[in-house]
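Written below as structure tokens is the structure these notes are about.
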Amino acid sequence: MDAFYASVEMRDHPDLKEKAVVVAHDPRKHNGHGVITTANYVARKYGVGSAMPAMRAVEQVPKDQLVFIPPNFEKYRQVSAQVHEIMHEVTDQVESVSLDEAYIDVTQNKLGNYSSIELGNYMQQKIFKTTKLTCSFGVTYNKFLAKMASEYAKPFGKTVILPEEALNFLAKQDIKKFPGVGKKMQETLRSMNINTGEDLQKTSVQTLIDRFKKMGYVLAMHSRGIDLSPVQAERQRKSIGKERTFEPSIFEEQAALTQLRKYSREITEMLKERNLQAGCVVLKVRDTNFYTITRRRMLKKKTQDPRIIYQEARALLEREEDFVTRGIRLLGVSVTDLEQEIYEETNLFSTL
DNA sequence: GCGGATCAC
DNA sequence: TATGGTGATCCGC
């Protein structure tokens, strides 16, 4: 397989630039982190609390101080669709990871007898021409390496890794570059004196399994350049959820219930768009101390009915009265155990 | 099956 | 010191 990973630098788009924060007096520009991170950083620096509530309250923010502009997700989606269109010119084997990243299996392509690198160049150029966005890409023999290679090529380059080069390339990488290695795993690995890909390569597979179970195995394989996972063009969604942070927190049960009703409606809409039925309702609550729980309940029958989702969510919340007393900072509902809705019955009746 | 933890974006 | 929203996966029970 010739895998390919493309990462588009969306924040460079002229129409998306305003998405983060416009700060009246702050010379600071995007620092390379995510939108919200940037916004939070500035919010913190200016002591106006966290960014999201501030963005919601954009009208009330004094003009001479900070102006928060909420991200324009519609625009994001629009540009993302353009990018995906270009990718699909090459092949339909596109596994989108997020709005601006995708794995592409270019073992076969629609355009003709071109090398993976030529196909990459083509997409990169076309994306730049049509959207003015730069993107980086990696070309190599599996997904994992392609992602690493693409990261290495940021913001507007390409990295090609041949099979015989993989071990050497990986040996030089810091462990935090490996997907799946976040804050916690990094700490543990460093405490074991494992800091680079080379260290991982020198650690026995068994040692990594003993310490990190499945993730250890995956990490061991990755560090040795092995990843057999296929590019999955059609991945089905496994859950749909809505959540929101409240600033100030909610202390009224009625207010919380109103939110639950709203979530239930929104989730139902998404279920209907995708013709899905939910089999389980999950409630998520966080109090003012940031203590967070989730509570779930399987449904007797899969549903698409907002009233049922609301009822379950409400029942779950009512068992957690203390949260209302202590103040709800975050409230969320999601549904899982999704199943494609069967048409036949409904069609039968709706046509009558 | 449930709930917490961790991770990616 | 203050910590957004959405979704996936793993692990222990």
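Numbers restart at 1 for each chain; the letters A, B, ... are given by sequence-line order, proteins then strands.
The distance between atom NZ of K284(A) and atom P of dG7(C), rounded to the nearest whole Å, is 11 Å. The distance from atom CD of E320(A) to atom C1' of dC2(B) is 13 Å, rounded to the nearest whole Å. dG4(B) atom P lies 6 Å from atom OH of Y291(A), rounded to whole Å. Rounded to whole angstrom, the span from the NZ atom of K300(A) across to the C1' atom of dG1(B) amounts to 17 Å. For E243(A) and dT3(C), the CD to P distance is 15 Å, given to the nearest whole Å. Here dC10(C) presents its P atom at 12 Å from CE of M185(A), a figure rounded to the nearest Å. In this structure, R237(A) places its CZ atom 11 Å from C1' of dA8(C), rounding to the nearest Å. Rounded to an integer number of Å, the gap from R274(A) CZ to dT6(C) P is 12 Å.
Of the options K184(A), K183(A), R190(A), a side chain to side chain donor-acceptor pair (under 3.5 Å) to Q186(A) is made by R190(A) and by none of the others.
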Is there any protein nitrogen or oxygen under 3.5 Å from a nitrogen or oxygen in nucleotides 11-13 of chain C, and what are the pairs?
unit_1  : atom_1 : unit_2  : atom_2 : d
dC11(C) : OP1    : K214(A) : N      : 2.8

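Here the shortest heavy-atom pairing between F290(A) and R329(A) reads CE1-NE, 3.5 Å. A pairwise comparison of heavy atoms in N109(A) and Y114(A) identifies ND2-O, 4.1 Å as the closest pair. Annotation for Y122(A) and V90(A): closest pair CD2-CG2, 4.1 Å, computed over non-hydrogen atoms.
If you check every strand for non-hydrogen atoms under 4.0 Å, K176(A) touches nothing.
Closest to the side chain of F290(A), from the set dC7(B), dG4(C), dG3(B), is dG4(C). Taking every side-chain heavy atom of K183(A) into account, dC7(B) is the closest of dA8(C), dC2(B), dC7(B). For R244(A), whose side chain is taken as the heavy atoms from C-beta onward, the closest listed nucleotide among dG5(C), dG4(B), dG4(C) is dG5(C). Nearest to the side chain of K238(A), among dG4(C), dT9(C), dT6(C), sits dT9(C).
Applying the ring pair (Phe, Tyr, Trp, His ring centres under 6.0 Å) test to pairs two or more places apart or on separate chains, those with a residue in residues 166-213 of chain A are F144(A)-F178(A), Y152(A)-F169(A).
Applying the side chain to side chain donor-acceptor pair (under 3.5 Å) rule to T91(A) yields no partners; only residues at least two apart in sequence or on another chain are considered.
Side-chain N/O atoms of R295(A) include none lying less than 4.0 angstrom from OP1 or OP2 on dC2(B). Taking only side-chain nitrogens and oxygens, S334(A) never comes nearer than 4.0 Å to OP1 or OP2 of dG7(C). A sub-4.0 Å separation between OP1 or OP2 of dG3(B) and a side-chain N or O of T294(A) is absent. Taking only side-chain nitrogens and oxygens, R329(A) comes nearer than 4.0 Å to OP1 or OP2 of dG4(C). The shortest distance between the side-chain N/O atoms of K184(A) and the OP1/OP2 oxygens of dA5(B) is not below 4.0 Å.
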**OP:** Evaluate the criterion salt bridge (charged side-chain N to carboxylate O under 4.0 Å, His left out) for residue pair R314(A) and E318(A); output intermediate values, then yes/no.
**Re:** CA-CA 6 Å; R314(A) 174 180 184 162; E318(A) 278 171 352; 2.8 Å; yes

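By the 4.0 Å N-to-carboxylate-O rule, D105(A) lies too far from K143(A) to be salt-bridged with it.
Separating the P atom of dC7(B) from that of dA2(C) is a span of 24 Å, rounded to the nearest Å.
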